[in-house]
Amino acid sequence: MTEPAGELYDLGYAHYEGPREGRMRARKAVYSNGVRTVLGLGRGPLAKALPMLLFGAAMAPAVILALVASQVEGLDVPGHSAYYQIVSIILILFSAMIAPELLCPDRRSGVLSLYLVRPLTSTDYVAGRWMAFFSITLLLVYSGQVVLFAGFLLSAAAPLDYLRDHWLDVPRFLGAGIVVALFTTTLPLAASAFTLRRAYAAAFVIGVFIISAAAGGILTSCEDEDHELLDTPGECEPLTGEAAKWFGLLDMGKVPIHVSDMIFAVGDKDSGLSREVAKLPDIVPIGWYLLLTGGLALILLWRYRRIAA
C-alpha cells in the first residue's frame with residue numbers, strides 16, 4: 001500500500017495593515033446590499049424591470065394630475081392627500097413583491113449564519129434590511145409628491161402666491177410619507193420572516209390587503225329603504241350599526257392613510273377620514289396604526305432572534 005504524499009510550502013504570513021471598521025462597516029454592508037437587492041442591481045434584467053415598472057406606476061398619477069392642473073384651468077384636481085390614497089395599491093404591490101427578496105433567499109440558501117458572525121447581530125441584520133427597504137419606499141412616495149407639488153406650482157397663475165398659500169403642504173406630505181412608508185415597509189418584511197418562499201410571502205401580504213378591504217367594506221356598507229348601497233354620509237344607517245366605526249379600521253390598506261389624512265387635515269374642520277372612522281376619536285386610528293406598525297416590527301425582531309439563537 002502507498003501512503004498519500006503531501007508537501008508543505010512556507011508562503012509566509014502577512015499581518016493585515018488596513019483599517020478595521022468593525023460593526024458599523026458590517027451594518028453599512030448589509031444596508032447597501034439591501035438597497036441593491038431592492039433595485040435589482042447586480043442581477044438580471046427581470047430583477048431590474050419590476051422596480052422600474054412599479055416606480056413608473058407610482059409616478060404616473062402624479063404626472064397625470066400635474067398635467068391636468070396645468071392644462072385645465074379652474075379644475076379641482078386631487079391634491080397631495082388624495083395622491084397617497086391613489087397610489088396606495090401600487091405601494092402594496094411594490095412591498096409585497098420586492099420585500100421578500102431581502103429576507104427569504106438568505107434563509108433558504110443557508111447563508112444567514114454567515115451574516116450573523118461577530119460583530120454583526122440579528123438585530124443589525126434586520127435593521128439593515130429594514131432601513132434599505134424603507135429608504136427606497138420613502139424615495140418612491142416622495143418622488144411623486146415632489147412632482148405633484150412642482151406641477152401645481154408651475155401651473156399656478158401666480159407661482160409665488162401659490163407657494164405662500166400652500167407651503168405647508170410640503171411638511172405635511174413629508175410627514176405623511178413617513179407614516180405610509182413605515183407601515184408599507186414593516187408588514188411585508190414581518191410576513192417574509194416566517195417563510196422561505198418569496199411567492200408565499202407576497203401572496204400572504206396581498207391576500208391580507210384584499211380580504212381586509214373586502215371585510216371592512218362589507219361591514220361598514222349601508223342600504224337605503226330600497227336596499228341600494230350608498231356611500232354618502234348621513235343618508236343611511238350602516239348594516240352593523242354603531243359598530244361600523246370600529247369595523248372601518250379593518251382595512252389594512254387604509255391604516256396608514258387614515259393617519260395621513262389627519263396630518264393633511266390639521267387646522268381644517270374636515271378630517272379627511274372615511275365616513276365611519278371619522279366618528280372615532282383621533283387617538284383611535286393613530287393608536288391602531290402605532291399598535292400594528294410597532295407590533296409587526298417587534299414580531300420581525302423576535303423571529304430573527306429566535307433564528308439566530
Side-chain angles (χ1 to χ4, degrees), residues 35 38-39 50-73 75-99 130-188 209 251-268 270-274 285-286 289-290 293:
V35 171
V38 173
L39 298 178
L50 182 59
M52 292 176 62
L53 179 63
L54 291 173
F55 182 80
M59 291 292 293
V63 174
I64 292 172
L65 291 175
L67 289 175
V68 171
S70 64
Q71 297 298 322
V72 183
E73 189 174 348
L75 182 65
D76 187 15
V77 179
H80 297 283
S81 177
Y83 172 76
Y84 283 139
Q85 299 176 19
I86 296 171
V87 82
S88 61
I89 184 64
I90 300 172
L91 295 177
I92 293 169
L93 292 174
F94 174 80
S95 63
M97 289 188 286
I98 295 181
W130 186 92
M131 281 299 301
F133 192 54
F134 176 74
S135 300
I136 300 301
T137 305
L138 197 62
L139 176 64
L140 181 67
V141 299
Y142 279 169
S143 298
Q145 292 284 21
V146 170
V147 169
L148 190 61
F149 186 80
F152 287 162
L153 179 64
L154 296 176
S155 63
L160 291 179
D161 291 340
Y162 179 88
L163 184 61
R164 184 182 63 249
D165 296 337
H166 297 86
W167 69 270
L168 280 176
D169 288 344
V170 175
R172 286 172 178 169
F173 75 64
L174 291 177
I178 293 176
V179 168
V180 173
L182 282 173
F183 185 80
T184 308
T185 298
T186 307
L187 175 59
F209 279 103
D251 189 346
M252 291 294 102
K254 291 184 178 179
V255 169
I257 300 302
H258 291 323
V259 182
S260 170
D261 289 343
M262 293 170 65
I263 292 174
F264 281 102
V266 171
D268 296 336
D270 184 8
S271 66
L273 295 174
S274 64
I286 295 175
Y289 168 85
L290 293 175
T293 307

Using every non-hydrogen atom in the two residues, find where [X] and [Y] come nearest and quote the distance to one decimal.
{"X": "Met59", "Y": "Gly144", "answer": "SD-N, 3.6 Å"}
{"X": "Ile178", "Y": "Tyr142", "answer": "CG1-OH, 3.3 Å"}
{"X": "Val147", "Y": "Ala66", "answer": "O-CB, 4.3 Å"}
{"X": "Ala181", "Y": "Leu138", "answer": "CB-CD1, 3.8 Å"}
{"X": "Gly177", "Y": "Val141", "answer": "O-CG2, 4.0 Å"}
{"X": "Pro61", "Y": "Tyr83", "answer": "CB-CE1, 4.1 Å"}

- [ ] Indicate, with yes or no, if the rings of Phe133 and Phe94 have centres closer together than 6.0 Å.
- [x] yes
TODO: Applying side chain to side chain contact (heavy atoms under 4.5 Å, CB included), run through Phe149 and Leu163 and close with a yes or a no.
DONE: CA-CA 10 Å; Phe149 186 80; Leu163 184 61; 3.8 Å; yes
TODO: Kindly state each residue pair satisfying side-chain hydrogen bond (donor to acceptor under 3.5 Å, both in side chains) with at least one member in residues 152-162, sequence neighbours excluded.
DONE: Asp161-Arg164
TODO: Would you indicate whether the side-chain heavy atoms of Leu54 and Ile98 approach each other to under 4.5 Å?
DONE: yes
Open item on the list: Using side-chain heavy atoms (C-beta onward) and a distance below 4.5 Å, is Leu153 in contact with His166?
Closed with: no
Task: Main-chain N/O of Pro256 paired with Ser260 side-chain donor or acceptor, under 3.5 Å - done: no
TODO: Look at the side chain of Ser95 and the backbone N and O of Ile92, then say whether any donor-acceptor pair between them is shorter than 3.5 Å.
DONE: yes
Distance, nearest 0.5 Å, that separates [atom1] of [X] from [atom2] of [Y]:
{"X": "Ser135", "Y": "Leu140", "atom1": "OG", "atom2": "CG", "value": "12.5 Å"}
{"X": "Ser143", "Y": "Leu148", "atom1": "OG", "atom2": "CG", "value": "12.5 Å"}
{"X": "Phe183", "Y": "Leu91", "atom1": "CZ", "atom2": "CG", "value": "12.0 Å"}
{"X": "Ile86", "Y": "Ile257", "atom1": "CD1", "atom2": "CD1", "value": "10.5 Å"}
{"X": "His80", "Y": "Leu168", "atom1": "NE2", "atom2": "CG", "value": "11.5 Å"}
{"X": "Leu39", "Y": "Ile136", "atom1": "CG", "atom2": "CD1", "value": "4.0 Å"}

- [ ] For the pair Phe264 and Tyr84, name the ring-plane relationship: parallel under 30°, tilted 30 to 60°, perpendicular over 60°.
- [x] tilted
TODO: Determine whether the side chains of Asp169 and Gln145 contain a donor N or O and an acceptor N or O closer than 3.5 Å.
DONE: no
Task: Evaluation steps, side-chain hydrogen bond (donor to acceptor under 3.5 Å, both in side chains), between Thr185 and Trp130 - done: CA-CA 7 Å; Thr185 298; Trp130 186 92; 5.3 Å; no
Open item on the list: Once salt bridge (charged side-chain N to carboxylate O under 4.0 Å, His left out) is applied, what residue pairs with a partner in residues 139-149 remain, sequence neighbours excluded?
Closed with: none
